[in-house]
Amino acid sequence: MLTIKICVPVPPQTVSEALDLIQKAESQRADFIEVRLDSLDRHNQLADIANCSNVPLIATNRSTKSQGKFSGSEAQRKKVLLDAAEEGFDYVDVELSTPWLKEIINTLREIDVKPVVSFHDFNETPSMSQLNGILKKQIESGADVCKIVTTAKILEDNLTVLDFVSKACKTARIVCFSMGELGKPSRLLSPVFGGFFTIAALESDRKTASGQLTIQEMRMAYKALGLI
């Protein structure tokens, strides 16, 4: 039986907003909830967020150079991620390009937090050999989940990504699809081809990346296709 899992990212500015958005994501039956810590104005109540849900929570703290909102130093960004892990988040997302990557992943594993090692290409979809090279580095880094997000410039980029997912899922927990309006097919179909989960917006006005469908739209599409 095919199991399709959906992760919903939430970009709160305050802790109370985080709790509200997480509750809404739970009510939409999200399988994972990604909390965008780079949207938060302060990071001194992470335990309140980490302990508010039974749905697995992923802590993400994207820097401005990765199209996130965290403008502090890499050392400060690292501290927020490790604090989130210490306070009880289930997963922590660390970019493949992060300084001290191995050190961070080793620390996460020591406290039994699963590392998501992510790679984003905001310009294009790399070739199959390049995607395999990225995956190899992620696996070698100690990733529990390997996340590769590309940008679809042409419709055929969806085929590249889905072909890659169908093979990569045999060796890793892989999350991979293409951003952009042209990447919507891969967002929808990546879990059908073996992706660990796909990502959908909570609401149409809370999208965190180009081409995101809402979780309601995704569930309706899966139902129409007879997949759920």
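One is the number of the first residue; the rest follow in order along the sequence. Here the structure is a predicted model, which means the values were calculated and not measured.
Nearest heavy-atom pair, Cys169 versus Gly194, reported as atom, atom and distance to 0.1 Å: CB-O, 3.3 Å. The heavy-atom pair separating Val8 from Ala201 by the smallest distance is CG1-C, 4.3 Å. Nearest heavy atom pair, residue Val113 against residue Ala85, reads CG2-O, 3.7 Å. Of all the heavy atoms in Ala152 and Leu182, the pair that sits closest is CB-C, 3.8 Å. The two residues Ala200 and Thr214 have their closest heavy-atom pair at CB-C, 3.8 Å. Summarising the geometry of Asp31 relative to Lys5, their closest heavy-atom pair is OD2-CA, 3.2 Å, with the distance given to 0.1 Å.
Put simply, the side chain of Asn51 never gets that close to the backbone of Asp48: no donor and acceptor are under 3.5 Å apart. Formation of a donor-acceptor pair under 3.5 Å by the Glu86 side chain with backbone atoms of Leu82 is not found in this model.
Between Asp157 and Lys153 no salt bridge is recorded (no basic side-chain N to carboxylate O distance below 4.0 Å). A salt bridge links Glu95 with Arg77: the distance from a Lys NZ or Arg NE/NH1/NH2 to an Asp or Glu carboxylate oxygen falls below 4.0 Å. For Glu140 and Lys136, the salt-bridge test passes: some basic side-chain N is under 4.0 Å from an acidic carboxylate O. The existence of a salt bridge linking Asp90 and Lys114 is excluded, since no basic side-chain nitrogen approaches an acidic carboxylate oxygen closer than 4.0 Å.
In summary, the side chains of Ser141 and Gln138 do not present any donor paired with an acceptor at a separation below 3.5 Å, with no hydrogens or angles considered. Side-chain N/O atoms of Glu26 and Ser53 include a donor and acceptor closer than 3.5 Å. For Ser118 and Asp93, the side-chain atoms include at least one donor-acceptor pair closer than 3.5 Å. Checking Thr160 against Thr125 by side-chain atom types alone, no donor-acceptor pair falls below 3.5 Å.
Residues Phe196 and Phe32 place their aromatic rings such that the two centres sit under 6.0 Å apart.
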